[in-house]
Structure formats: structure tokens, C-alpha cells
There are 2 protein chains.
Amino acid sequence: MDVRQLRYFIAIVEQGSFSRAATVLRIAQPALSLHVRNMEAHLGAPLLFRSPKGAVPTEAGEILLRNARIIVEQLAITEEEIRSNESDPRGLVRLGLPGTISEILSVPLITAARQRYPGIQLRIAEAMSGFVLEWMRDARIDLAVIYRKVSGDGLSTEELLEEELAFFGPAGGLNDGETLPAPGTRVSLAGVAGLPLIVPGEDHGLRLLLDHHAEVAGVDMNVAIEVDSYTNIKKLVAAGFGCSVLPLHSISGEVAEGALQSWTIDGPPIRRPVHLACSVERPMTNAVAAIRDFIPELVRDLAREGAWGGVSEPAADCEKG
Amino acid sequence: MDVRQLRYFIAIVEQGSFSRAATVLRIAQPALSLHVRNMEAHLGAPLLFRSPKGAVPTEAGEILLRNARIIVEQLAITEEEIRSNESDPRGLVRLGLPGTISEILSVPLITAARQRYPGIQLRIAEAMSGFVLEWMRDARIDLAVIYRKVSGDGLSTEELLEEELAFFGPAGGLNDGETLPAPGTRVSLAGVAGLPLIVPGEDHGLRLLLDHHAEVAGVDMNVAIEVDSYTNIKKLVAAGFGCSVLPLHSISGEVAEGALQSWTIDGPPIRRPVHLACSVERPMTNAVAAIRDFIPELVRDLAREGAWGGVSEPAADCEKG
DNA sequence: GGTTAATATCGCGTATTGTTATGTCGGGTG
DNA sequence: CACCCGACATAACAATACGCGATATTAACC
């Protein structure tokens with residue numbers, strides 16, 4: 001049996017007549033005769049009692065009618081459910097962020113997402129870029145913001161922007177008396193590499209980036225302290241134990257407060273891309289897809305407002321489907 | 001959406017692959033591609049996540065799958081329900097019978113019907129033929145056994161048999177001393193009309209029949225007592241207050257017990273047809289139809305066994321559908 | 001880099017579905 | 001009582017959908 005036949009049957013019973021149902025259904029009356037006849041043949045029982053005044057359901061017809069209504073209704077509900085799920089996604093979205101990104105993105109994202117997608121529950125996990133990527137591979141999170149482009153391995157990334165890293169030091173000068181560059185001047189990598197540096201450990205993306213730039217520039221870095229936390233790096237720098245390199249936006253607060261001072265690095269700027277990663281091998285819930293599409297928008301807005309120190313809005317290259 | 005598409009979709013998900021589902025469904029794989037694509041276009045959402053390893057449902061697909069299973073199941077249940085209802089009718093069947101018929105038919109009918117159609121509940125109402133017909137018109141009963149042929153008025157009748165009426169009197173002779181015919185002899189209507197008669201009132205089918213026969217034979221009936229109950233007629237006759245005319249079978253018990261004696265009426269036999277009436281304008285439940293078809297069979301069997309004094313098995317003429 | 005195994009696309013034949021025209025049957029009406 | 005009308009049934013034909021086979025495309029695997 002076919003739902004179309006069920007619909008037709010319901011219409012006939014509701015109209016009490018083949019011909020009236022035909023006009024309502026905008027088809028010709030013989031089509032209904034045929035359909036009912038086929039159904040009756042299929043079920044081996046008369047469904048409608050025809051009379052010159054119209055048609056009324058037989059006992060079998062009553063049974064069919066009762067069930068047909070349920071089935072047709074169920075179908076409509078199903079379509080509605082799917083459609084509403086498309087237009088108004090709901091469910092949990094787990095997002096992994098590195099600390100510096102979280103610091104600037106978490107609050108705007110949560111507030112904006114809650115407003116735009118009330119049905120979506122965001123769970124943000126904060127960790128270093130490497131861990132975030134690992135979680136992503138383990139499917140412990142649905143989306144990740146990381147500092148590298150990843151392709152293959154079931155992941156796909158979309159570049160959000162490129163952050164420019166800034167060299168910064170304590171506003172009050174270094175504890176060991178070494179002189180810092182004059183405020184507002186441009187500094188060269190070679191000129192500051194000799195200052196005591198507070199940087200993350202060697203398996204960190206930022207450290208690798210700095211090492212790479214130092215190598216290209218042919219200078220040795222004077223690594224004074226290795227700390228695996230952006231907050232602690234900033235605190236140690238503010239306390240005068242050395243200088244460091246971090247995204248501009250993550251130190252702008254302390255700079256404004258007068259705890260830190262920063263210099264623009266001369267020569268090739270040290271930049272790192274910020275990517276949004278999503279799984280390409282698992283089907284994504286609509287909630288995840290909504291957030292995935294929402295984050296780049298939000299980041300663009302933040303960058304435009306100047307809230308994000310980064311630059312360069314790249315073209316999207318994340319396969320979305 | 002179409003149930004066929006739902007079935008196909010379920011098969012694809014269960015098989016985890018378009019092509020495997022195609023072989024299971026015994027259709028070509030491109031057909032499945034098309035169907036899924038149509039469904040996705042219709043719903044405005046991807047349903048399956050295709051990969052070189054097969055296909056898994058997306059979020060929308062999961063919703064659809066869950067509902068599709070229910071719908072397909074519901075359809076199967078519906079068909080099953082209708083079919084089982086056809087093969088094993090159940091429900092209430094209200095049957096109206098005149099007293100003399102009930103006396104012979106009720107017990108065999110109830111026992112036989114209960115065995116053959118365990119799902120059917122028989123409710124037998126007993127009343128004089130005229131009342132039974134009235135109930136039938138008021139749709140207070142589904143089937144009626146009556147003594148006349150009825151056509152039109154939304155009713156249709158099937159003749160079950162023709163009862164032959166017998167003249168009978170008290171075995172011990174009449175109270176007033178009038179002489180009864182010799183046992184075993186044939187009597188003429190004219191010869192017995194003068195005896196005191198105990199008959200039903202004038203609006204009774206049996207009384208009308210007797211009046212008609214008396215008129216045709218040109219004799220006057222000596223109506224001694226009018227009683228509207230077959231049982232009471234028999235009791236009064238047995239008590240010697242007069243003679244009467246009733247169907248042979250309804251007095252055979254008392255004749256055998258020696259309470260009554262009966263004579264065959266010479267000349268044109270007094271007969272009345274027994275009809276089974278059913279509504280032709282209301283659709284009949286299968287239970288009613290089953291009993292309607294069952295009663296003639298049973299009556300035939302009873303007549304064959306001799307349990308029914310009637311004769312003449314007519315051809316069925318009741319429209320059955 | 002070729003092979004394999006999966007889905008997507010295309011063109012065509014056929015079966016299903018719907019339409020128009022006509023038939024049949026009952027009931028109501030002059 | 002004949003007539004007409006309204007309702008369902010039937011038949012021949014047209015449009016659409018469906019399924020098939022061949023082939024393209026893609027990603028994974030060796």
C-alpha cells in the first residue's frame with residue numbers, strides 16, 4: 001500500500017463521495033475508483049460501500065481509515081521534525097580552543113550563539129593547540145580552533161585569520177637590568193633574541209614557530225624560562241623575568257593597564273594562522289554545522305571591530321558537506 | 001514522501017550501503033541514488049552521508065529512519081489487522097427472532113457460531129415477527145428472521161425455508177366434550193374450523209395467514225381464545241381449551257410427550273416462508289456477514305437432520321454485498 | 001599510480017498513474 | 001411511467017515516474 005492511496009482514501013471517506021473527493025484532490029474521479037479497487041484487491045476486502053448517494057466505509061474501511069490517519073499524520077510529523085531540525089538546530093556542540101583564542105572568543109561566541117541558536121548547548125574545552133587537535137581526532141570534540149592547517153586524517157580546516165605575534169616585555173624593565181628597546185620603536189628579531197625570553201616548551205606550536213623564525217633569521221634565542229601557559233608567561237614577563245612573544249590581542253589588556261609594553265617586530269612579521277577544524281568523515285549534526293558556519297562570521301565581526309589584534313581574512317577553504 | 005522511498009531508505013541504512021541495499025531490494029543501485037536524492041530535495045536536508053565505504057545516516061537521516069520504521073511497521077499492522085478481521089470476524093451481532101424460530105434455532109446457532117466464530121458475540125432478541133421487523137428498520141438489530149419477504153426499504157431478505165403449519169389439539173380431548181378427529185387421519189380446514197380455536201390476535205402474521213386461508217376455503221373460524229404467545233397457546237391447548245395451528249416443529253416436543261396430538265391438514269397446505277433479513281443500505285460488519293451466511297447453512301443442516309419440521313429449501317436470493 | 005569499490009549521472013524502455021469520454025445503475029420528478 | 005440527474009465503473013489514451021544498463025567520478029588501498 002501507498003501513502004498516496006491512504007490520502008485518497010481518507011479524502012473519499014471525509015467527503016463521503018468519490019467525485020467530491022476527486023475535486024478536492026484535484027484529480028479525476030476515475031483515478032479514485034481505480035485506487036480504491038486496487039486497495040480492495042490488495043487487502044482482499046471491500047473498503048467502501050458505494051451507493052448512488054456516495055460512499056461510506058465498510059468495517060475494513062473503518063480499520064483502514066483509523067490507521068491511515070495515523071500513518072499520514074506520522075509522515076507529516078516526520079517531515080516537520082526534520083525541517084524544524086534543519087532550520088532550528090539543537091543539541092550539544094563541543095568546541096576545543098587554545099587558551100589565547102578562548103580568552104577572546106569564548107564569551108562573544110557563547111553569548112552570540114545562545115541568542116542565534118537557542119537550542120544549541122555549547123561546551124567549550126580549553127587546552128593547548130596540540131591537545132585540541134588530539135581531542136578532535138578522538139572525536140571527543142566536534143569543532144576545534146587550532147594554529148595549523150590540517151588536511152587528511154578525516155579532518156578539514158578553514159582558515160579564520162592570521163594572528164600577528166608581538167614582542168613584549170615588562171613595563172617596568174627587566175629584573176636583571178638589561179635594557180629594553182625604547183618604547184614605540186621597531187625591533188629586529190636579532191636585536192631582541194638575546195634578551196631573556198619566557199616561551200613555551202619545545203613541543204608547543206608557538207615555540208616551534210619562534211624557533212623556525214630564529215633559524216631563518218640566523219639568530220639564537222636566549223630562552224630564560226619555559227612555561228606552558230600563556231597566563232603564566234604574561235605574569236612572569238610582567239614580573240620582569242624576561243620578554244616573550246604572544247598574539248597582540250592577548251596582551252593588549254596588560255599593555256593598556258601599563259603592566260606590559262610591546263614592540264612591533266621589524267622585518268618579516270611573525271604570524272600564525274588560526275584554523276577552524278571539523279571532521280569530514282563523520283556526518284555532522286546540524287547544530288555542529290551551524291556553529292561551524294557561525295564561528296567564521298563571528299571572528300570576522302570581531303576582527304572588524306578591532307577586538308582581535310589579528311589581520312588578514314582569508315578565503316574559506318573548508319569543505320562544507 | 002512515499003512508503004516505497006521509506007522502505008528503500010531503511011534498507012540502505014540497514015545495509016550501510018546503496019549498492020548492497022540495491023541487491024537486497026533486487027533493484028539497480030542508481031534507482032536508490034535517485035530516490036534518496038529526491039527525498040533529500042523534498043526535505044531540504046541531506047539524509048545520508050556518502051563515503052567510499054558506504055553510507056551512514058546524517059542527523060536528519062536518523063530522524064527519518066526512526067520514523068520510517070514506525071510508519072512501515074504501522075502499515076504492515078494495518079494490513080494484518082484488516083486481513084485478520086476478514087478471516088476471523090469479531091464483534092457483536094444482534095439477531096432478532098420470532099419465538100417459534102428462537103425455540104428451535106437459538107441453541108444450535110449459539111453453540112455452532114461460538115465454535116466456528118469464537119470472536120463473534122451473538123445477542124439474540126426474541127419477539128413477534130412484526131416487532132422484529134421494526135427493530136430491523138430502526139437498526140436496533142443487524143439480522144432478523146421473519147415470516148415475510150421484504151424488499152425495498154433498505155432491507156433484503158433471503159428465504160430460509162417454508163414451514164408447514166400443523167393443526168393440533170389436546171391429547172386428552174377437549175374440555176367441552178367436542179370430538180376431535182381420529183389420530184393419524186387427515187383433516188380438512190372446513191372440518192376443523194368449527195372446533196374452538198386458540199390463535200394469536202388479529203395483528204399477528206400467523207393470524208393473518210389463518211384468516212386468509214379460511215377466507216379462501218370459505219369457512220368461518222371458531223376463535224375461542226386469542227393469545228399472543230406461542231407458549232401460552234400450547235399450554236392452553238394442552239389444557240384442553242381448544243385447538244390451534246402452529247409450525248410442526250414447535251409442537252413436536254409436546255406431541256412426543258403425549259401432551260398434544262396433531263393432524264395433517266388436507267387440501268392446500270398452510271405454509272409460511274421463513275426469511276432472513278439484512279440491511280442493504282448500511283455496510284455490514286464482517287461478523288454480521290459471517291452470521292448471515294452461517295444461518296442458512298445451519299438451517300439447512302437442521303432441516304436435513306429433521307430437527308426442523310419445515311420443508312422446501314429455496315434458492316438464496318439475498319444480495320450479499 | 002593502478003585497482004577496487006563505492007556513489008552519481010545519463011539515456012531509454014516500461015509500468016504506473018491520471019485524464020477524457022462513455023457506460024451503468026438508482027433515485028427523484030414532472 | 002418515462003425522464004433526467006447524480007454517482008460510480010469502465011476503457012482507451014497520455015504523462016509521468018520508475019527502474020535498468022552503461023558510464024563517469026571519487027576516494028581508499030595496495
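Chain letters run A, B, ... following the sequence lines, proteins first and then strands; every chain starts at 1.
Residue B:Arg272 is tested with B:Glu159, B:Glu162, B:Glu163 for a salt bridge (charged side-chain N to carboxylate O under 4.0 Å, His left out); the sole match is B:Glu163.
Judged by closest nucleotide on DNA chain D, A:Arg37 is the one of A:Arg37 and A:Arg4 placed further toward the 5' end. Between A:Pro30 and B:Ser33, the residue anchored nearer the 5' end of DNA chain C, judged by the nucleotide with its closest heavy atom, is B:Ser33.
Classification of A:Glu158 and A:Lys149 as a salt-bridged pair fails, no side-chain N sitting under 4.0 Å from a carboxylate O. Looking at B:Glu297 and B:Arg116, a side-chain N of the basic residue comes within less than 4.0 Å of a carboxylate O on the acidic one, giving a salt bridge.
Rounding to whole angstrom units, CG of residue A:Asp2 and P of C:dT17 are separated by 7 Å. As rounded to whole Å, 17 Å separates atom P of D:dA17 from atom CE of B:Met1. At whole-Å resolution of the value, CG in B:Leu34 and P in C:dC10 are 10 Å apart. The nearest whole Å value for the distance from the NZ atom in B:Lys53 to the P atom in D:dT26 is 18 Å. In this structure, A:Leu47 atom CG and D:dC8 atom P are separated by 15 Å, rounded to whole Å. Rounded to whole angstrom, the span from the CZ atom of B:Arg7 across to the P atom of D:dC18 amounts to 14 Å. With rounding to whole Å, A:Leu32 atom CG is found 9 Å from C:dG18 atom P. Rounded to whole Å, atom C1' of C:dT19 lies 15 Å from atom CG of A:Leu25.
Pairing each heavy atom of A:Gln74 with each of B:Ile71, the nearest pair is CG-CG1, 3.3 Å.
For the residue pair A:Thr58 / A:Glu62, no side-chain donor-acceptor distance below 3.5 Å is found, with atom types taken as modelled.
In the set C:dT7, D:dC20, D:dA7, D:dC20 carries the atom at the smallest distance from any side-chain atom of B:Ala28. In this structure, of D:dA7, C:dT19, C:dA8, it is C:dA8 that holds the atom nearest to the side chain of B:Phe18. Comparing atom distances between the B:His35 side chain and each of D:dG19, D:dT10, C:dT7 picks out D:dG19 as nearest.
Looking at heavy-atom distances under 4.0 Å, A:Arg26 makes contact with sugar-phosphate atoms alone, never a base.
For B:Gln29 against C:dA6, a side-chain-to-base donor-acceptor contact under 3.5 Å is absent.
A sub-4.0 Å separation between OP1 or OP2 of C:dA8 and a side-chain N or O of B:Arg50 is present. At least one side-chain nitrogen or oxygen of A:Ser17 sits closer than 4.0 Å to the OP1 or OP2 atom of D:dC8. Between A:Ser51 and the phosphate of D:dC8, there is no side-chain N or O to OP1/OP2 separation shorter than 4.0 Å. Neither OP1 nor OP2 of D:dC18 sits under 4.0 Å from any side-chain N or O of B:Tyr8.
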